[in-house]
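This report concerns only the one structure given below.
These values consider heavy atoms only, across backbone and side chains, with no hydrogens, waters or symmetry-generated copies. Letters A, B, ... mirror the listed sequences (proteins, then strands); counts begin at 1.
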Number of protein chains: 2
Amino acid sequence: MQNSTREQIITAADDLFYRQGFEQTSFANIAEAVGISRGNFYYHFKTKDEILKTVIQRRLANTRDMLDQWEAESSGPVERIRSFVRILIGNRGKIMRHGCPVGTLCAELAKLEHLQRDAANEVMTLFRTWLHRQFVALGHEADADALAMHLLARSQGIALVANAYQDSSFVDAEVEQLLDWLDACVAQSTHAE
Amino acid sequence: MQNSTREQIITAADDLFYRQGFEQTSFANIAEAVGISRGNFYYHFKTKDEILKTVIQRRLANTRDMLDQWEAESSGPVERIRSFVRILIGNRGKIMRHGCPVGTLCAELAKLEHLQRDAANEVMTLFRTWLHRQFVALGHEADADALAMHLLARSQGIALVANAYQDSSFVDAEVEQLLDWLDACVAQSTHAE
DNA sequence: TAAAGCATAGGACGATCGTCCTATTCGGTC
DNA sequence: GACCGAATAGGACGATCGTCCTATGCTTTA
């Protein structure tokens, strides 16, 4: 059931919500993208809230998988945090075109005061708590959450400005600074021991 | 003609675009906020593009005034840049509720691929070039634009995350870090002489 | 083959959108 | 007091929105 209609709808909605925004994407858009009628769409999802909730759940699951994979692949917390920073490089093109999928959805749902706002924030919280854990493993028990929030904010700012100016060299320069900042964090933690 | 209907419309639209977003704000919303009929509204602004363009022009003018005032009031570039950073403190409440007015509009119009996207970006560019000038005055001729962009991105990131989590202590902590970063910039430039 | 249920198509519905048109009112001028 | 342009009100318009209903296939099961 990988290519079931329901899965196709979720995939198309996920993509359109990212590229056009949630409010700007209509049932007709999604149905057209999948190649089905609006009536059939309604058979699978009764309300727009429901499809949004499902898309967010998928993003949560995908994010958890990605973070788990980094946890399994990378040898230590420093390399794991570097994996996070390097999303900005790997998704450079998409980010310049449409911004960060996490940040833009949170910002839009906040402005709409939408019911699913907290659910969208949870995707960001997934990164927040994961980063928190990595900084704790790095020896920053006391300020682990502050460091995680700092890194989140830096990434979001880079994505937003890169999206506005469509500037890829800016992303590269900022990522390098972030990696330097991370090295300084490591040095500070080993120094404190 | 300070309180003319046209001025009232622009003020109401500016506020509603900020709080609800551009796309989510209808002519009816603005007309109701001003207390006039939709027909009268159309007498002053023929299209939604036109009202958006006017609102952005007002924001550009207001931003220029603010930057000019900082230029006149503050004694040197460091204190001027500090004024920029402190917007995050002064507008803490509004930013937590609705995000940064500059960044959220740029992000929304980018996602809509709206005609006025470049105009919205210009507000951000106003800060960018102003900050650029301050960093040049600080002795950072070579990397003035990179520093300006860095500061822009940091501010935008702080605003976005603060908006998502409605966390004011996070804003305070990050602003303090920004001011430290600025001091380090000053030290580096005086050291290089 | 008949029955049953899932999946799909197509359109109707009320509401709201941006836009536009037409009266009507108001304020100042000969 | 007649006149005229600016300002305002109210509603009509086509389109699109989310939602919902119904009829028609398609597939499986007895």
State whether [X] and [Y] are salt-bridged, where the test is any N-O pair (Lys NZ or Arg NE/NH1/NH2 against Asp/Glu carboxylate O) under 4.0 Å.
{"X": "B/Glu7", "Y": "B/Arg58", "result": "yes"}
{"X": "B/Arg19", "Y": "B/Asp14", "result": "no"}
{"X": "A/Arg133", "Y": "A/Glu71", "result": "yes"}
{"X": "A/Glu79", "Y": "A/Arg82", "result": "yes"}

Rounded to the nearest angstrom, tell me the gap between atom [atom1] in [X] and atom [atom2] in [N].
{"X": "A/Ile9", "N": "D/dG18", "atom1": "CD1", "atom2": "P", "result": "14 Å"}
{"X": "A/Phe27", "N": "C/dA15", "atom1": "CZ", "atom2": "P", "result": "19 Å"}
{"X": "A/Ile36", "N": "D/dT24", "atom1": "CD1", "atom2": "P", "result": "21 Å"}
{"X": "A/Lys46", "N": "C/dT8", "atom1": "NZ", "atom2": "P", "result": "15 Å"}
{"X": "B/Phe45", "N": "C/dC20", "atom1": "CZ", "atom2": "P", "result": "16 Å"}
{"X": "A/Gln24", "N": "C/dC17", "atom1": "CD", "atom2": "P", "result": "14 Å"}
{"X": "B/Phe41", "N": "C/dC20", "atom1": "CZ", "atom2": "C1'", "result": "14 Å"}
{"X": "B/Asn29", "N": "C/dC17", "atom1": "CG", "atom2": "P", "result": "6 Å"}

Of the listed nucleotides ([options]), which one gets closest to any side-chain atom of [X]?
{"X": "B/Tyr42", "options": "D/dT19, D/dT8, C/dC20", "value": "C/dC20"}
{"X": "B/Thr47", "options": "C/dT19, D/dG18, D/dA6", "value": "C/dT19"}
{"X": "B/Thr5", "options": "D/dT8, C/dC17, D/dG18", "value": "D/dT8"}
{"X": "B/Lys48", "options": "D/dT8, C/dT8, C/dG18", "value": "C/dG18"}
{"X": "B/Arg38", "options": "D/dC17, D/dA7, D/dA12", "value": "D/dA12"}

- Task: Determine whether A/Cys185 and A/Trp181 make a side-chain contact, defined as any pair of heavy atoms from C-beta on separated by less than 4.5 Å.
- Result: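 In short, these two side chains touch, coming nearer than 4.5 Å.
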- Message: Return whichever of A/Gly39 or A/Ala28 has its heavy-atom-nearest nucleotide of DNA chain D closer to the 5' end.
- Response: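 By nearest-heavy-atom nucleotide position, the 5'-most residue is A/Ala28.
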With respect to the phosphate group of [N], does any side-chain polar atom (N or O) of [X] fall under 4.0 Å of OP1 or OP2?
{"X": "B/His44", "N": "D/dA6", "answer": "no"}
{"X": "B/Asn40", "N": "D/dA7", "answer": "no"}
{"X": "B/Ser37", "N": "D/dT8", "answer": "no"}

